[in-house]
Amino acid sequence: MSQDSAAPDKHAVKCYLLQLQETICAGLSAIDGGQFVEDEWTRTEGGGGRSRVLVDGSVIEKGGVNFSHVHGTQMPASATAHRPELAGRSFEAMGVSLVIHPNNPYAPTSHANVRFFIAEKSGEEPVWWFGGGYDLTPYYGFVDDCQHWHQTAYDACAPFGEEIYPRFKAWCDEYFYLKHRDEARGVGGLFFDDLNAKGFTESFALMQAVGDSYLPAYAPILTRRKDTPFGERERQFQLYRRGRYVEFNLVYDRGTLFGLQTGGRTESILMSLPPLVRWEYDWQPEPHSAEARLSEDFLPPRDWLK
């Protein structure tokens with residue numbers, strides 16, 4: 001596909017994101033049997049969003065699928081720190097971000113986000129890009145789950161070039177990494193940012209392909225694992241591993257920092273945190289146990305398509 005010169009269509013992006021939120025909530029509700037509760041919010045600095053949350057469902061312990069569209073006259077420090085050319089520009093940021101924490105420890109947590117950012121200044125060309133991706137965080141690893149997740153991600157990227165999936169996959173492995181623990185948050189997936197090199201039309205199409213593939217990637221895994229029998233041991237390990245999720249989101253996640261610095265709704269920004277979590281001092285799994293295999297066989301980055 002060749003580069004195009006189409007102007008950014010903010011309305012088209014917003015319409016797509018709102019429909020994506022609808023589609024994902026409907027798909028997850030069909031698996032859980034419960035309904036997401038909607039909460040619309042606004043912020044003083046400009047813009048707002050539509051949060052949808054499902055809590056204490058039959059399958060989903062806590063899940064949120066949020067749409068936001070915020071704007072302002074000054075860029076937040078989290079953006080200008082690595083993009084100084086954005087200083088002095090007004091901005092708009094819109095996206096859908098979701099995190100699903102299932103009840104069953106054998107069902108993995110999943111996260112997805114697709115977003116569009118544009119910064120404008122009178123008399124100058126707008127600066128814009130797309131970003132997003134999705135990643136999977138199992139507590140008990142299953143090879144077929146990981147293969148399906150990554151195959152779906154590969155298929156979504158394939159029409160846009162052979163280099164896209166391996167580049168986005170490696171970017172995801174690098175980004176969702178807890179440096180202070182020297183371990184990955186999960187088994188990865190896709191991550192991209194600053195996507196604009198091939199023009200608006202193709203960049204938007206790639207973002208849509210990633211967004212549209214989330215539900216086909218996650219729904220079969222959630223359906224397959226949601227009724228697996230488990231006991232207190234598995235539950236406690238799930239709560240322990242959720243601590244890693246909290247640590248990443250509060251220490252490293254750019255979206256969390258951007259949302260807080262731009263005056264977003266705190267409840268929606270921190271929706272990604274699980275309802276229950278535990279930490280243990282210097283806890284180690286039993287050798288050769290299923291808990292040990294998570295760190296040994298699943299968290300180290302690998303090629304899941306082989």
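Connection of F248 to L239 is not established within any shared hydrophobic cluster, with ILVMFWY side chains joined at heavy-atom distances below 4.5 Å, either directly or through further cluster members. Tracing side-chain contacts under 4.5 Å through hydrophobic residues (I, L, V, M, F, W, Y), one reaches V251 starting from Y175; they form part of the same cluster.
If you take CG on L222 and CD1 on I100, they are separated by 8.5 Å, rounding to the nearest 0.5 Å. To the nearest 0.5 Å, the span separating CZ on R181 from CD on E247 amounts to 4.0 Å. Taking CZ of F117 as the reference point, atom CG of L195 lies at 15.0 Å (rounded to 0.5 Å). Rounded to the nearest 0.5 Å, atoms NE2 (H148) and CD1 (I221) are 5.0 Å apart. The line from CG of L299 to CG of D182 is 11.5 Å long, rounded to the nearest 0.5 Å. Atom CE of residue M207 and atom CG of residue D212 lie 9.5 Å apart, to the nearest 0.5 angstrom.
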Quiz item: Could you go step by step and tell me if D39 and V37 meet the side chain to side chain contact (heavy atoms under 4.5 Å, CB included) rule?
Solution: CA-CA 7 Å; D39 181 17; V37 176; 5.9 Å; no
Practice problem: Take Y140 and N104 through the test side-chain hydrogen bond (donor to acceptor under 3.5 Å, both in side chains) and record every step on the way to the result. | Solution: CA-CA 10 Å; Y140 290 90; N104 195 307; over 6 Å; no
Exercise. Determine, step by step, whether E267 and W41 satisfy the side chain to side chain contact (heavy atoms under 4.5 Å, CB included) criterion, reporting the C-alpha distance in whole Å, the side-chain angles of both residues, the deciding distance to 0.1 Å, and the verdict.
Key: CA-CA 10 Å; E267 288 298 325; W41 54 273; over 6 Å; no
Quiz item: Does the side-chain hydrogen bond (donor to acceptor under 3.5 Å, both in side chains) test come out yes or no for E183 and Y177, once each step is laid out?
Solution: CA-CA 6 Å; E183 69 177 25; Y177 191 81; over 6 Å; no
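Looking only at side-chain heavy atoms (C-beta outward), L136 and Y134 stay at 4.5 Å or farther from each other. Counting only heavy atoms from C-beta outward, the side chains of P8 and F204 never approach each other to under 4.5 Å. Here the side chains of N103 and D56 are not in contact, with every heavy-atom distance at 4.5 Å or above. Looking at heavy atoms from C-beta onward, D145 lies out of side-chain contact with W149 at the 4.5 angstrom threshold. The shortest side-chain heavy-atom distance between H111 and Y245 falls under the 4.5 Å cut-off. Inter-residue side-chain proximity for F130 and V114 is flagged as unmet; no heavy-atom pair is nearer than 4.5 Å. Looking at L206 and F192, their side chains never come closer than 4.5 Å, going by heavy atoms from C-beta outward. With contacts defined as side-chain heavy-atom distances shorter than 4.5 Å, the pair Y214/S110 qualifies.
Using a 4.0 Å cut-off between a side-chain N of Lys or Arg and a carboxylate O of Asp or Glu, E120 and K10 qualify as a salt bridge. Under the 4.0 Å criterion applied to side-chain N and carboxylate O atoms, E291 and R233 are assigned as salt-bridge partners. Ion pair R235/E61 flagged as a salt bridge, since at least one NZ, NE, NH1 or NH2 atom sits closer than 4.0 Å to an Asp/Glu carboxylate oxygen.
Here the closest heavy-atom approach between residue N66 and residue R52 is recorded as OD1-N, 3.5 Å. Between T201 and A6, the shortest heavy-atom distance links the atoms OG1-CB, 3.6 Å. Annotation for D135 and C172: closest pair CB-SG, 3.9 Å, computed over non-hydrogen atoms. Considering all non-hydrogen atoms of both residues, V210 and G133 come closest at CG1-CA, 4.0 Å. In this structure, Y139 and P105 approach most closely via the heavy-atom pair CB-O, 3.5 Å.
Using a 30° and 60° split on the angle between ring planes, F116 and F200 fall in the perpendicular class, above 60°.
Identified under the ring pair (Phe, Tyr, Trp, His ring centres under 6.0 Å) test for residues 45-73, with sequence neighbours left out: none.
Across E22, R50, M94, a single residue satisfies side-chain contact (heavy atoms from CB on, under 4.5 Å) together with L17, and that is M94.
Because its NZ or CZ atom is both nearer than 6.0 Å to the ring centre of W304 and within 45° of the ring axis, R302 counts as a cation-pi partner of that residue.
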